[in-house]
Amino acid sequence: MGDTASAMMTAVREISVFGDAISYFNEAATLLDLEPGVRRLLTKPSRQIIFSIPFQRDNGELEVFTGYRVQYNFARGPAKGGIRFHPGVTLDEVTALAFWMTWKCAVVDLPFGGGKGGVTCDPSSLSVRELERITRRYAAELVEVVGPDKDVPAPDVGTTPQIMAWFMDTYSMHVRQHVPGVVTGKPLEIGGSRGRVEATGRGVSLVALAQMRRMGIEPREASIVIQGFGNVGSVAAQMFADAGCTIAAISDVTGGYYNAAGIDVAGALAYAQEHHSLDGYRGGDHITNEALLELPCDVLVPAALEKVLTLENASRVSAKLIVEGSNGPTTPDADRIFNSRGIVVIPDIVANAGGVTVSYFEWAQDRAGYFWKESEVNERLADVMLENFTKVSDLAQLRGVPLRTAAYMVAITRVVASMNIRGVYA
Ligand code: NAD
């Protein structure tokens, strides 16, 4: 497939992701009786920026990529959201992701709006120096509109702590000040936070264990299936195992590995680190990723890709609880089937908000110039996740709606309250 064709495919796929996000928003907005004017305002981004990024390859050739930054909403604070380096990035995709970040930050009560950015490059085809040049030009183009009080980027698909370090350095050089709080997800040496790497997987397991308690599922008797054994999936697996659960299956891009007696998570992690994947792992029977999603279990954690739980397989999923570690793993059709079958789903905007929560802690530590111990980070992460998850579950019970709808209701109510108190400057 040519570059243009594959970019179009991605655009179509992502527009429909935005469609899914809007459909959840609309459902919650209707239940909240949201005024049409407010609804109009919240379904439009505040600011979309598109620019060219010329850069010179190591061989001297000149190329031009496109850079984006979307600042979706500022009602509760500076925009917050990652930067994606991927050849298929489009304005629609970045807007959809910035829209999502608005609700994710609000549902865990962070003082941020939503943002997202991207560059249409393929990092795997670039040298380290080429990546650095692209990052610095991208940051330089955004100097006036980002900053600790304006918009705070972070890593996303294709970007790393090193890329955040170059971004922070470029911004600091331009404004002639040391400004670590302009981005999060930085290496520890330049103002990153302890506990950031584990934060998303840790948050996933915290809310899952809280919901299991509500459902009367005893951790020591619970079987857990996890799709994806990267940052989110592997940390969540370790946390579940530490709580006494049996990890019945794990998977990565090479397939699933099933062991009814329980996968040895530490052993699997060591194997994956040594071999750069689970390929050839012998601690479980090899199954497909599709079969893994349908295994009988108490808790299923999709932590790899979007749209893996669909109209096609939802009726065969036999978990009691689904915890969305990845973004957008469940299509709205599948979601309806899970609701009608009584399968509880903890939605992505709550389940994987641990990462942005510790990004908020990083921003706060950078601004104070005072860094916390890892135990303090983890304790505060648990407070934020559990307090807000309880609000969402209580509302779901009170209104008789699924957790996803309740999560959007909590998030929208908070954003609208800030908008109303501030008023419209017009
Ligand atoms: P990662 O790259 O560390 O891991 C991804 C895992 O998915 C790997 O094990 C990979 O082998 C597996 N995978 C890839 N293609 C697959 C396929 N076709 N079938 C099955 N498995 C496949 O990524 P991550 O940081 O763990 O993120 C996972 C998901 O969580 C993504 O949707 C991401 O957007 C979301 N998320 C991550 C964070 C974070 O802080 N890392 C925060 C919020 C949301």
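What's counted below: heavy atoms across the whole structure, side chains too, no hydrogens, waters or symmetry copies. All residue numbers refer to positions in the sequence shown, counting from 1. Start at 1 and go down the list; that is how both ligands and their atoms are numbered.
With Gly82, Gly233, Ser326 as candidates, the residue nearest to atom 30 (O) of ligand 1 on a non-hydrogen basis is Ser326. The nearest non-hydrogen atom to atom 5 (C) of ligand 1, considering only Ala351, Ser277, Gly230, comes from Gly230. Among Val235, Val253, Ile226, the residue whose heavy atom sits closest to atom 11 (O) of ligand 1 is Val253. In this comparison of Leu305, Asn352, Asp279, Ile250, the heavy atom closest to atom 16 (C) of ligand 1 sits on Leu305.
No part of Pro329 comes within 4.0 Å of ligand 1, judged by heavy-atom distances. With a 4.0 Å heavy-atom cut-off, ligand 1 is reached by no atom of Glu324. Residue-level proximity to ligand 1 for Asn231 is carried by backbone and side chain together, each with a heavy atom below 4.0 angstrom.
Using a 4.0 Å cut-off between a side-chain N of Lys or Arg and a carboxylate O of Asp or Glu, Glu93 and Arg84 qualify as a salt bridge. Salt bridge Arg367/Asp149: present, at least one basic N to carboxylate O contact under 4.0 Å.
Other residues, nucleotides and ligands place no more than 12 heavy atoms under 6.0 Å from the CD atom of Glu379.
Each of the atoms 40 (O) of ligand 1 lies under 4.0 Å from some heavy atom of Arg196. Contact atoms of ligand 1 toward Phe229: 9 (O) (distance under 4.0 Å to a heavy atom of the residue). Each of the following atoms of ligand 1 lies closer than 4.0 Å to a heavy atom of Asn289: 19 (N), 20 (C).
Between Tyr138 and Phe85, the ring planes are perpendicular. Angles over 60° get that label, and only those under 30° would be called parallel. Under the 30°/60° scheme for interplanar angles, the aromatic rings of Tyr281 and Tyr257 are found to stand perpendicular. Ring orientation note: the planes of Tyr360 and Trp363 are tilted relative to one another, at an angle of 30° to 60°.
Ranking protein heavy atoms by distance to atom 28 (C) of ligand 1, first place goes to Ala303 O, 3.4 Å. At the top of the distance list for atom 7 (O) of ligand 1, counting protein heavy atoms only, stands Ala304 CB, 3.4 Å. Among protein heavy atoms, atom 39 (C) of ligand 1 sits closest to Thr200 OG1, 3.4 Å. Here the protein heavy atom with the shortest distance to atom 34 (O) of ligand 1 is Asn327 ND2, 3.2 Å. Ranking the protein heavy atoms by distance from atom 37 (C) of ligand 1 puts Val232 CG2, 3.5 Å first.
Distance CZ/Arg129 to CD1/Ile134: 12.5 Å, rounded to 0.5 Å.
In this structure, atom 32 (O) of ligand 1 has a protein heavy-atom contact shorter than 4.0 Å.
Residues Phe99 and Tyr72 place their aromatic rings such that the two centres sit under 6.0 Å apart.
A distance-only check finds a donor-acceptor pair linking the side chain of Asp252 to the backbone of Leu278 [under 3.5 Å]. Using a distance-only test at 3.5 Å, with no hydrogens or angles considered, no donor-acceptor pair links the side chain of Thr135 to the main chain of Trp166.
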